[in-house]
Every structure is written in structure tokens, then in C-alpha cells.
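Naming: A, B, ... by sequence-line order, numbering from 1 per chain.
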Protein chains: 2
Amino acid sequence: MREGPDIAYVSTLIGDPARANMLTLLMSGKALTVSELAEEAGVTIQTASSHLSKLHTGGLLRPRKQGRHKYYALANEDVARLLEGVMGLAAGVGHLRRRTGPKDAQLRHARVCYNHLAGALATQMFDSLMAKRHLVLKGDDLILTDAGAAFARDFDIELDVLHSARAPLCRECLDWSERRSHLAGSLGRAFLIRFEELSWVKRVEQTRIVSFSRSGDEAFRKLFSIERP
Amino acid sequence: MREGPDIAYVSTLIGDPARANMLTLLMSGKALTVSELAEEAGVTIQTASSHLSKLHTGGLLRPRKQGRHKYYALANEDVARLLEGVMGLAAGVGHLRRRTGPKDAQLRHARVCYNHLAGALATQMFDSLMAKRHLVLKGDDLILTDAGAAFARDFDIELDVLHSARAPLCRECLDWSERRSHLAGSLGRAFLIRFEELSWVKRVEQTRIVSFSRSGDEAFRKLFSIERP
DNA sequence: CTGATGCTTCGATAAAGGTCGAACTATGCG
DNA sequence: CGCATAGTTCGACCTTTATCGAAGCATCAG
């Protein structure tokens with residue numbers, strides 16, 4: 001019974017409260033320094049340093065040195081997806097660390113998941129893309145149809161660049177608050193970037209919240225045929 | 001940043017080697033007893049009992065008592081998916097099987113359990129009913145949906161008669177060869193009766209074996225959308 | 001009833017690992 | 001160069017928790 005991958009090792013890494021805090025922070029997609037992570041996680045710098053080094057060894061984080069700073073970020077999108085999955089299950093158990101507050105509602109509505117959009121609006125966007133057959137599910141793979149490609153190009157997303165990258169173009173990501181899929185992959189990322197370029201959305205500093213401007217919300221809903229609630 | 005679900009709690013649950021072993025075992029989809037899980041995980045029964053109780057509290061497992069045995073299975077598909085994700089990240093693949101139950105192939109395939117159908121075909125029938133939302137799980141109770149009721153009536157099962165009976169309509173029964181659920185209760189019984197009426201099946205005298213006719217097997221598979229192996 | 005089996009609870013033990021103070025290295029700034 | 005800042009390493013606590021023996025329930029078979 002010693003076969004199979006070592007899920008205990010990875011889970012133990014995530015299982016420590018301080019490390020879990022840091023990982024949750026890094027879900028914003030940003031790279032943060034040791035000190036920043038230490039403060040947010042509520043531990044001293046020494047402790048944080050030790051934790052981060054373990055997370056790196058475990059392949060969950062990717063460090064980058066810049067001058068005398070050391071930045072840590074999630075190693076890749078798989079890590080982000082896994083964390084999102086754990087959040088989903090934890091939320092399903094009804095095990096929230098904090099009571100639902102105003103911030104929580106905003107998080108559920110629209111937030112960043114690593115580098116793409118998540119939350120209620122993101123799942124609706126995903127549903128729209130599926131309904132219009134811009135995306136289709138082929139087995140477990142998500143495929144961008146010709147119509148979908150045209151739609152993306154129309155939105156000034158340079159698909160050729162995305163295709164040349166190694167990362168998968170389209171990917172499903174399970175939304176922990178909505179318990180439905182939203183769009184990940186380089187296309188999901190490209191969409192978020194365009195939203196920011198167009199000033200439809202703004203990131204709220206220090207959080208994962210994504211805030212839509214009034215006109216941005218309208219344009220977004222129009223683009224994806226989402227009715228006002 | 002202390003928002004969001006408590007991922008540390010769930011991860012800690014998975015993070016213990018003994019628990020991880022058990023969860024990996026249960027990825028087979030089968031329900032296993034405390035003793036079996038203890039042995040496979042390499043710990044004593046007391047320790048296993050404690051672990052399993054924690055996993056239950058954490059919402060990862062669903063226990064069922066049958067006689068003096070206690071069977072544990074993964075709580076739902078989300079848990080399985082999460083574990084699959086962790087395995088993916090932990091790199092490597094491994095699946096593990098364990099032969100259980102009667103050795104007779106015919107018995108394993110289809111047999112009578114008290115008054116309803118059991119065996120591989122029965123668990124597939126059950127899975128089909130669940131997948132099509134003819135049955136839904138509400139807490140520990142199995143509920144026949146409107147769609148399910150229509151489906152049953154369409155199959156000439158007189159639901160009114162069943163409802164008037166004192167016995168519960170739907171009930172999960174743990175299949176001892178498959179270690180998964182199949183349908184019991186008066187509805188489960190009614191289905192078997194109909195199968196016999198239609199000559200889809202015949203009971204083999206002196207045994208619990210249920211033998212499907214060639215055409216009966218085909219009709220059965222069509223009714224429940226079960227692919228030929 | 002009695003004995004056997006499956007599982008749970010309790011308590012003591014021991015190992016693991018998170019934590020922080022202190023000392024140390026490395027980089028940047030004047 | 002000296003000094004400040006960022007991060008690491010070391011060592012010593014100390015909380016947490018996995019573990020198993022022993023005893024206690026619960027269920028089943030005669």
C-alpha cells in the first residue's frame with residue numbers, strides 16, 4: 001500500500017496555518033517578499049523564511065531574487081487550481097475562518113484567481129462562452145472553437161501569441177465560491193488583462209477583490225449577455 | 001488577509017500519512033471497513049478509528065453502519081476530484097485495487113439482496129439513477145425526484161401502492177462485492193419484480209444468482225444507459 | 001445467557017515540527 | 001568604508017498530535 005504519489009507530503013505543506021495563509025495571499029497572482037508574507041501570515045520573518053523554503057522545496061512556490069529582496073510566487077497554475085479546489089471543499093464543509101462580511105460578498109462577486117478572473121461574474125462569463133459555443137468540452141479538454149477564436153480576436157486578444165506559449169490555452173478552474181467552472185489558462189488570463197487595459201476593472205490593493213467600474217460592469221454584461229441581477 | 005475558507009484544516013486532514021493512505025485506498029470508490037483501512041494503512045484499529053472519525057468530521061468521508069461493521073467511503077465526488085488534484089501535483093500516478101466479496105463471478109455480476117438487485121449491474125443502475133437525478137441524496141436520505149417518479153411510472157411501477165406501504169421507498173444498500181451503493185427499499189424491490197415480469201432476468205434456484213437473458217441484458221443496459229463492458 | 005468480533009473511548013507516551021531570539025550573511029546606500 | 005535593511009541559519013523551547021495498550025460498548029452467533 002505504499003504505491004501512488006505522496007499526497008500526504010503536499011497536503012502537510014498546505015496544512016500549516018501560517019503556510020496556508022501565505023498561499024492564500026499568493027493566490028492573488030502577485031509575487032510577494034518574505035517580509036510581506038511574514039507580516040500577513042502573522043509570524044516572524046525567521047519563521048516565514050523557513051516556511052517559504054519548505055514550500056519551494058515542495059514545488060509549490062517559485063522564488064525570485066531581486067536585489068536584496070526575495071520574491072515568492074505560486075509555482076504554476078496547477079498549484080493555483082489545487083488551492084482553489086481545497087478552498088471549495090473547505091467552504092462546502094461550511095468551514096470559513098471568518099464570518100461573512102462585506103469584503104466576503106465582494107470576493108464572491110469577482111476576484112482574482114492566480115492570474116484570471118473568478119467569482120460569480122467569472123462563472124457567468126464561462127457559461128456564456130459555453131452557451132454560445134465559443135468554448136466546447138471535448139472529453140476533459142476545453143476547446144476554443146473557430147467562433148470563439150473570432151470572438152477573442154474581436155476583443156483584441158492576440159491568440160497567436162497565446163498559442164505559441166507552452167501553457168494551455170483554455171482550462172477549467174473550479175470556483176470555490178460558486179462551485180462551478182470559470183475560465184483559466186492563458187486565454188483566461190488574457191481576458192483579465194484586457195479588462196484591466198480597458199479600465200473595466202481595477203484590482204483592490206492587498207486583496208484578491210476585483211472591482212468593476214460602472215461602465216465596465218455594463219460593457220462586461222453586454223459582451224457576455226449577462227442580465228443584471 | 002485572513003479571508004476565505006480554511007484550507008489548512010482540510011489539508012491537515014489529508015496531510016497525515018495514515019489518513020492519506022486510507023483516502024488513497026478509498027479512491028477506488030469502494031467503501032471499506034475500519035479494520036481493512038487500518039491494516040492497509042499500517043496502523044492499529046484504534047488509531048484508524050480515530051483518523052476516520054476526524055475525516056468524517058472534516059466532511060471528507062461518509063460512514064455507514066451495516067450490522068457490526070462500519071463502512072467508510074469518500075463523501076462525494078468533489079473529494080475524489082480534490083485528491084486526484086493533489087496526486088497530480090504530487091506527481092506520479094497510481095491506482096490500487098482490492099478484490100473483495102464473493103469470488104463467484106456470477107454472484108458478483110448480479111444477485112439478489114434480500115428482495116432487490118445487487119452486484120455490479122445493480123451498482124451501475126444506482127449510479128445511473130443518481131447521475132440522471134432520478135434519485136438525490138438529502139442528508140442520509142435517498143429521495144425520489146419528480147423526474148425519477150416519472151421514470152418509474154413509465155416503467156409501470158405503481159408508486160402509489162409503494163407509497164402507501166410502511167417500508168421506506170428508497171434506501172441505499174451497501175453492495176458487499178462492489179462496496180458501493182445499490183438501490184434497496186420498496187422501489188428497489190419493485191424494480192426487480194418488474195425485471196422478472198418482463199423476463200429480463202431469472203433467478204437461479206438454490207442460489208442468489210440473478211441471470212440476465214440476452215435481450216434482458218440489452219434492455220437493462222439501454223434503460224440505464226450502461227455501456228457494454 | 002456466553003463468547004467472539006468489530007469498533008470506540010480513554011490515558012499515557014513519544015515524536016514531530018512550529019515558533020522565536022540571537023547570531024550570521026548578503027545586498028544596497030551614502 | 002560604515003550602516004541599514006532583507007533574509008537565512010542555529011538552537012532551544014513547547015505545543016500539537018499520532019500512536020498504541022487497556023478497557024468499554026455494540027452486535028451477532030450459538
Distance-only check: which donor-acceptor pairs under 3.5 Å involve side-chain atoms of residues 73-80 of chain A, not counting sequence neighbours?
from	atom 1	to	atom 2	distance (Å)
A:N76	OD1	A:D78	N	2.9
A:N76	OD1	A:V79	N	3.1
A:E77	OE2	A:G185	N	3.0
A:D78	OD1	A:R171	NH1	3.3

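For B:E197, the salt bridge (charged side-chain N to carboxylate O under 4.0 Å, His left out) partners two or more places apart in sequence, or in a different chain, are B:R194. Shown here are the ring pair (Phe, Tyr, Trp, His ring centres under 6.0 Å) partners of B:H134, two or more places apart in sequence or in another chain: B:F151. Residues passing the side chain to side chain contact (heavy atoms under 4.5 Å, CB included) test with B:E196, sequence neighbours excluded: B:L192, B:V201, B:R203. Under the ring pair (Phe, Tyr, Trp, His ring centres under 6.0 Å) criterion, B:F220 pairs with B:F195, B:F212, B:F224, sequence neighbours left out.
Taking a heavy-atom distance under 4.0 Å as the criterion, the stretch of DNA chain D touched by chain B extends 5' to 3' from D:dA18 to D:dC28.
Under a cut-off of 6.0 angstrom, the local environment of CD in B:Q66 is crowded, with over 12 non-hydrogen atoms contributed by other residues, nucleotides or ligands.
Among the heavy atoms of the strands lying under 4.0 Å from A:T33 are primed sugar atoms or P, OP1, OP2 only; no base atom is included.
Annotation: salt bridge (Lys or Arg N to Asp or Glu O under 4.0 Å) contacts involving residues 118-132 of chain B, sequence neighbours excluded, comprise B:D127-B:R180. Residue pairs meeting the side-chain hydrogen bond (donor to acceptor under 3.5 Å, both in side chains) criterion with at least one partner in residues 50-61 of chain A, sequence neighbours excluded, are A:R19-A:H51.
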Under a 4.0 Å heavy-atom criterion, the protein footprint on nucleotides 17-30 of chain C, written with B, S and -, is -SSBBB----BS--
